[in-house]
Amino acid sequence: MSDSDDLFVRHDPIFAQKELLEINHLPDEGRIVGRDEEMKNLANAVNPAIFGQSPSNVLIYGKTGTGKSLCAKHISQRLVDTAHEEGVDASFAYVDCAQDSTETQAVQTIAAALNEQIETNIKIPDKGIATSTYYKRLWQILESRYDVVLVILDEIDKLEDDEILMQLSRAGEAGKVHNCKIGVIGISNKIKYKEKQLNERVKSSLCEREFVFPPYDGNQLNNIMEARRDAFRDGVLEDGVIPRAAALAAKEHGDARQAIDILRYAGEIAQSRGVSKVTEEFIVDAREQAETDRFRELLRGSTPHSRYVLQALTILSLNDGDGDGYRTSDIFEVYEEVCRQEGANSLSLRRVRDLLKEHAFLDITEQSRQSGGSAEGSYTEHRLLEDPEVVRDVLVDTIE
DNA sequence: CCTCCACAGGAATTTGCGGGGT
DNA sequence: ACCCCGCAAATTCCTGTGGAGG
């Protein structure tokens, strides 16, 4: 800071190691806070893999930002390392089922993650071949390279069917794979996932062990953020900042990811204002920004019509504030108007129903079934879960 | 208990695209 | 070159449903 003879800025005045605040950053073990019990349980479940035996299949429940993926990845990595020391060839594959929601995409990702083309001489193309071909190649890879493999299926409830779970659990028995054990770690944030139409044999094999990750409390959030203090330069963070952010995040959902986002945005706000300290009053803005950002992320990649539908609902919500729910047919009418203005052909009512359902699935809206009673029929009402103003703003600059 | 309405939502199918294997 | 595969988007057709009032 005091190198006054420097012509150029030699370093970031706020951040020292910004990577520590990236969502995907995997901290070293000392930095995982408040999940000791969970880590122990997980380790215990997969432990047999170290001796080349079958690990237990695991299902992890918990809301977003409770450290599910983090712990799963961390344990898997540790397991692979330890197994190596014992002379066992182990590896793990991580699949984000929100991204790879079909059976084929999921197998492809697993196979690609475990493959090493130079070594196996097996090609795993991104797409274009039959699902069964992916399986055949995957089994080949497993046979030739590994003794034991862990498959992490994150957001497993986003998977369209459980065929892949069937295949994985059956691989050994059906003689597809002889010398390689497979363990599955499923991660879900919908508690009712298991009940909801899971094939009976999949259910029993997948759910050998079940763990629930509770939300973090204010104290733990505080520690989590404290552990990443090194992301900032010395003296940049004022004392009250972390406790304040922790309290705010704990009040909402106990979501660690959001807490860390808030911290990062607070730093960025300081940066853009050209000040050298992060103070408490930045926190409120930072939280707002974290939320807008999360929402923008949800909408990224959605089709124009999906956005028009959302826009229709937003228009309705803005026009009468008291509104607690609008029925599909009303939304559809506004939607048709939106389409006219945008110069697009409107889709069928049936399709719009599906689009609305998708929004509900992403927790952008909420649906509830209503009944009008006598000869009034039954219908579904939709309401926005986010602030309509925020939605409108995000929609406006997403459409460009 | 039955009816009646206004929908919900499942099933089947089409279209069009990107990208295989041989 | 040709045919096959997966998949998303969308349509069409159709059956299912909740509950107040008869």
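Across all strands, Q370(A) comes closer than 4.0 Å to no nucleic acid atom at all (heavy-atom distances).
Under the side-chain hydrogen bond (donor to acceptor under 3.5 Å, both in side chains) criterion, D393(A) pairs with no residue at all, not counting sequence neighbours. With sequence neighbours left out, the ring pair (Phe, Tyr, Trp, His ring centres under 6.0 Å) criterion links F232(A) to F15(A). In this view, I122(A) and N115(A), T120(A), I124(A), R137(A), Q140(A), I141(A) satisfy the side-chain contact (heavy atoms from CB on, under 4.5 Å) rule, not counting sequence neighbours. Remark: R327(A) engages no residue in a side-chain hydrogen bond (donor to acceptor under 3.5 Å, both in side chains) (not counting sequence neighbours).
A sub-4.0 Å separation between OP1 or OP2 of dA8(B) and a side-chain N or O of T328(A) is present.
When side chains are defined from C-beta on, K127(A) does not count as touching Q108(A), because their heavy atoms never get closer than 4.5 Å.
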Please tabulate, for side-chain N and O atoms in residues 62-71 of chain A, each donor-acceptor pair with protein atoms closer than 3.5 Å (sequence neighbours left out).
unit_1, atom_1, unit_2, atom_2, d
T66(A), OG1, K63(A), O, 2.6
K68(A), NZ, G62(A), O, 2.9
K68(A), NZ, K63(A), O, 2.8
S69(A), OG, D154(A), OD2, 2.7

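The ring-ring contact (aromatic ring centres under 6.0 Å, His included) pairs that include a residue from residues 110-165 of chain A are Y135(A)-W139(A), where partners are two or more places apart or lie in different chains. Pairs engaging residues 262-277 of chain A under the salt bridge (Lys or Arg N to Asp or Glu O under 4.0 Å) rule: K18(A)-E268(A), D261(A)-R264(A), R264(A)-E268(A), R273(A)-D285(A) [sequence neighbours left out].
Between its two ends, the helix from dC1(B)-dG22(C) to dT22(B)-dA1(C) turns its axis by 40°, counting five pairs per end and rounding to 10 degrees.
Within residues 111-120 of chain A, no residue places a heavy atom under 4.0 Å from DNA chain B.
Between K40(A) and D36(A) no salt bridge is recorded (no basic side-chain N to carboxylate O distance below 4.0 Å).
V88(A) belongs to a hydrophobic cluster whose other members, connected by ILVMFWY side-chain contacts under 4.5 Å either directly or through intermediates, are V148(A).
When each of E358(A) and S374(A) is assigned the nucleotide of DNA chain C with its nearest heavy atom, E358(A) is the one assigned upstream, toward the 5' end.
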A correct 5'-to-3' footprint of nucleotides 9-22 of chain B, with B, S and - meaning base, sugar-phosphate only and no protein heavy atom under 4.0 Å, is BB-------SBSS-
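Taking 4.0 Å as the cutoff to heavy atoms of chain A, we find the contact window on DNA chain C bounded by dC5(C) to dG21(C).
Straight-line distance from the CD atom of E381(A) to the C1' atom of dA6(B): 13 Å, rounded to whole Å. D330(A) places its CG atom 12 Å from the C1' atom of dA6(B), with the value rounded to the nearest Å.
Of the inter-residue distances, the one linking E116(A) atom CD with R145(A) atom CZ reads 5.0 Å to the nearest 0.5 angstrom.
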Evaluation steps, salt bridge (charged side-chain N to carboxylate O under 4.0 Å, His left out), between R294(A) and E291(A)
CA-CA 5 Å; R294(A) 183 192 77 91; E291(A) 228 166 68; over 6 Å; no
Exercise for the section: I would like to know whether V284(A) and R244(A) meet side-chain contact (heavy atoms from CB on, under 4.5 Å); could you show each step before the answer? Expected result: CA-CA 9 Å; V284(A) 176; R244(A) 183 76 189 282; 3.9 Å; yes
